[in-house]
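Letters A, B, ... are given to chains in the order of the sequence lines, protein chains preceding strands, and every chain is numbered from 1. Atom set for the values below is all heavy atoms of this structure, side chains included, hydrogens, waters and symmetry mates excluded. This is a predicted model, so every value here is computed, not measured.
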Amino acid sequence: MPVQLMKIIKGQSETPLPSHLQKENLQHLKEGCDHTNKYVQGVVTLSYPLTKLRDGTDFFKIVLQDSDNLFSQINSINVLIYGKMAEDCAKIIRRGETFIVAGFKVIKLPTVREDGRHGCHLEVSEEAGSAIYVFLYECLNNFFFYSLNCIIPFQSVAPKYVYTPLNHLKDGTIVNLYGIVKFFKPPYVSKGTDYCSVVTLVDPSNVKLTCTLFNGNLDSLPKIYKVGDIVRFHRIKIREYNGQMQGITSAGFASLTFDGTVGAPVVPRTSSKVYTFMDEEQKTIEELRIWAASNISISGPAARLSGVQPMLFFDLTCQLVGKAKVDGSSFLLKVWDGTKCPYPTWKVPVEAKDLEGEKVLLHQLRNLAVDILVYDNHVQLAESLKIGSFLRIYSIHTKQASADNEDVSHIEFHLHGGTCYGRGIGVLPESNPDVKELKAFLESVDLADSQNMENTCSMDLDSTFGNVTDLELDLQRCQQLSVTVLTDHQDLSNTELKTITNSTAPQQYRIRAKLRTYKPQKLHQSVKLHCSKCNSLQEVPYGDDFDFILHGSANTAPNPELHNTSWYESVTWTTQDQKQREIAIHFVKHDEMLQHPEDTLLMIEGGTLKEIWKLTKRFKCVIPVRSTEDDLELLDLSAPFLLQGNVKYYGCKQCSTPKPIKNLSSIAAEQRPSWEPTEVAQVLGIELLQYVFIMKFTLVDETGALNAYLFDYEKFFQIPASEILTNSFLQQKMQMTMNTLCPPGRKLGDLPWLECFIRSYNVRDATKNQVYYQIFDTTVAEDVV
DNA sequence: TTAGGATTCG
């Protein structure tokens with residue numbers, strides 16, 4: 001039977017392939033060579049509908065990807081199937097299935113392909129004596145294919161488009177192109193009849209192109225949300241203007257926009273109902289993302305209201321909760337992002353009847369929402385915005401000002417007229433990842449708590465200790481509630497700071513004080529690695545160090561004798577770039593079976609930082625290793641010995657005594673292997689370094705001041721120190737917590753109280769004895785986090 | 001046609 005189905009059990013085919021057949025690598029396929037006893041194996045990444053040729057012969061085309069050489073430049077080939085075989089295959093073949101073909105004819109293509117596909121195609125038919133084997137169950141290679149390419153490309157049969165690199169553009173032509181957004185103005189109302197959007201692109205030729213796009217329909221302009229997004233333009237007209245090439249919309253202009261983040265799903269944003277998008281295009285996007293990652297300067301973390309500073313311009317992602325017409329040339333938008341601006345903010349006076357929005361919500365959010373006044377050309381767009389929609393407002397200006405009846409200055413938010421620097425308003429869809437994150441955050445905000453904050457935040461009274469007015473009583477009552485709570489020893493009574501600094505160490509105290517300042521102000525600098533055995537502290541290594549070690553270890557080729565043991569299954573391949581890097585992945589088994597990727601621990605040899613990062617997204621744990629003569633071993637301990645989720649786990653160089661890798665098999669044999677980092681570290685002889693926050697708090701009360709150290713794994717902030725470096729949500733949470741504990745721009749009297757336990761201890765060196773203080777058994781109050 | 005990147009009146 002020419003088309004045969006193969007059943008896979010435990011990664012093995014139930015019926016073996018004919019023994020005379022040998023596997024052929026894609027790169028060895030050449031027209032005119034003898035491939036009689038060879039077979040080609042791959043995963044079907046694309047299949048086209050069954051069609052009939054002019055002579056009535058059935059015709060079926062698929063694209064096969066060589067899953068053993070995923071990282072190579074050429075790793076896929078077209079297979080053209082004719083006659084009865086075409087009909088049979090069309091019935092059973094689905095993308096993702098493993099496909100083997102023997103008895104094929106290799107035909108060289110007339111032109112060189114630039115899309116990563118083989119320069120030849122395979123022709124297959126019953127008449128030619130071909131045989132096809134289709135695997136019914138995902139085998140190991142297939143499993144691996146899914147792991148690295150979980151994005152299924154769109155399927156479509158369409159004419160091929162030719163895309164022009166930006167350094168090959170000619171005046172007066174209409175072209176198709178790809179580019180990475182370097183600058184953009186979100187669509188705005190032009191002085192003519194259309195919306196206008198200006199977009200500057202760059203591509204790997206390093207040439208820039210500024211495009212001016214017009215359309216009467218807002219939806220027909222590219223949906224660009226940030227610098228770094230990738231666009232595909234079809235039918236854009238190229239003209240020379242002021243000595244430079246310029247793009248401008250022509251009839252039939254169409255665009256797709258993609259998130260430019262490496263690893264993000266490749267989903268086009270477009271208003272067109274019909275568009276072409278195939279696996280080559282997906283590959284282009286992925287390649288552009290990788291180029292952009294090292295060639296385009298990415299902006300820092302998105303600004304939040306809690307992080308605004310006076311006198312600057314910033315982009316804000318927020319939700320619209322109210323709007324009002326102010327006068328002919330300005331319009332008010334009330335927005336929030338769940339965080340609190342640390343400065344007093346202005347309120348634009350408008351008549352209640354002019355304010356559109358949910359009254360109850362507006363009242364609840366009165367301390368969190370801010371007023372943004374938009375001017376001139378932005379008014380028309382602002383008027384059309386729907387309450388509740390998610391916006392990104394670009395280049396908002398924060399202006400410091402004070403009114404006659406205020407002692408202290410407040411912050412005003414303006415969106416000035418004009419479109420300089422991309423100033424404008426964009427509406428984000430709910431599917432946008434930033435909106436999803438924002439929504440989740442907004443839902444977590446306790447509105448009752450934010451209302452309690454109003455007295456402490458919107459007033460700025462000159463309250464010195466002991467000088468009490470009615471208003472101040474109010475304020476102090478509000479501040480009686482400490483922003484920290486004690487987790488033990490509640491029976492202890494408070495001690496004044498002066499008493500503590502006048503006493504000998506060691507002792508323990510309960511204190512009530514205010515946080516005047518803290519270090520480091522850049523919170524990410526507070527994260528260190530701590531060894532509980534030798535008590536040493538070290539900086540968290542940069543990714544570059546890891547990359548360097550990986551490069552070094554890639555020089556050691558995987559030792560084939562160490563592959564496929566009783567407790568792991570191995571896959572290897574060689575990259576087809578100049579380096580010919582050999583990569584091996586060892587999937588640790590449980591009960592002689594491969595686990596689901598999300599439960600699987602794997603070891604990798606020869607991988608790059610990017611490949612390892614990609615694997616951690618899909619698999620439970622990744623351990624980078626290298627081969628020795630008789631076992632796998634861990635890399636240098638300057639590199640993480642284990643990667644799990646976003647966290648890199650390191651071992652202490654002084655205290656670790658690495659043990660054989662095969663000790664991992666004892667965990668694999670457990671009933672439900674959990675692969676806890678502590679357990680993995682233990683069997684591998686690694687002394688696990690713990691992520692810890694180290695901060696210096698300057699605490700004051702009516703009697704004096706002292707510096708106390710905070711040494712916290714998780715308890716104080718209720719944020720695991722291990723996760724903060726890779727989680728912007730947690731960074732945000734920590735910044736908000738610190739803004740609550742020590743609100744910027746506030747006088748001492750208006751700072752909140754902190755209740756803490758501190759212990760004093762002596763540190764002696766050759767010349768003197770110094771007393772230090774450390775905070776313990778204290779946590780940030782629940783309503784603060 | 002409009003805009004053709006390159007911050008701020010309010």
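With 3.5 Å as the limit, one finds a donor-acceptor pair spanning the side chains of A:H414 and A:Y375.
Figure legend: cation-pi geometry between A:R304 and A:F441, with NZ or CZ positioned under 6.0 Å from the six-membered ring centre and within 45° of its axis.
Residue pairs satisfying the salt bridge (Lys or Arg N to Asp or Glu O under 4.0 Å) criterion with at least one member in residues 222-235 of chain A, sequence neighbours excluded, are listed as follows: A:D219-A:K223, A:K226-A:D434, A:D229-A:R269, A:R232-A:E281.
Heavy atoms of A:G422 sit nowhere under 4.0 angstrom from any nucleic acid atom. Residue-level contact check: A:D376 touches the bases, meaning some heavy atom is under 4.0 Å from a base atom. Residue-level contact check: A:S330 touches neither bases nor backbone, having no heavy atom under 4.0 Å from any strand. Residue A:L373 is classed as having no contact, given no heavy-atom separation below 4.0 Å to the nucleic acid. Note on A:F314: nothing from the nucleic acid sits closer than 4.0 angstrom, heavy atoms only.
Phosphate contact (OP1/OP2 of B:dC9, side-chain N/O of A:K399, threshold under 4.0 Å): absent. One finds a side-chain N or O of A:K185 lying less than 4.0 angstrom from the OP1 or OP2 phosphate oxygen of B:dG4.
Comparing A:H414 and A:Y188 by the nucleotide of DNA chain B whose heavy atom lies nearest to each, the residue mapping closer to the 5' end is A:Y188. Residue whose closest nucleotide on DNA chain B sits further toward the 5' end, between A:Y241 and A:L415: A:Y241.
Closest contact between the side chain of A:Y421 and the listed nucleotides B:dA6, B:dT2, B:dT8 involves B:dA6. Comparing atom distances between the A:S395 side chain and each of B:dT7, B:dT2, B:dG5 picks out B:dT7 as nearest. With B:dT7, B:dA3, B:dG10 as the choices, the nucleotide that has an atom nearest any side-chain atom of A:C196 turns out to be B:dA3. With B:dT1, B:dG10, B:dT8 as the candidates, the nucleotide lying closest to the side chain of A:S329 is B:dG10. Distances were taken from every side-chain heavy atom of A:K191 (C-beta onward) to each of B:dG5, B:dT8, B:dA3; the shortest belongs to B:dA3. Closest to the side chain of A:H416, from the set B:dA3, B:dG4, B:dG10, is B:dG10.
Comparing the C1' positions of B:dT8 and B:dG4 gives a spacing of 23 Å, expressed to the nearest Å.
One finds a salt bridge joining A:K334 and A:D371 here, because a Lys/Arg side-chain nitrogen approaches an Asp/Glu carboxylate oxygen to under 4.0 Å.
Within a 6.0 Å sphere centred on CD of A:E383, heavy atoms belonging to other residues, nucleotides or ligands number more than 12.
By the 5.5 angstrom centroid cut-off and the 30-degree plane limit, A:F214 is classified as not stacked against the base of B:dT1.
Residue A:D327 places no side-chain atom within donor-acceptor reach of the base of B:dG10, judged by atom type and a 3.5 Å distance cut-off alone.
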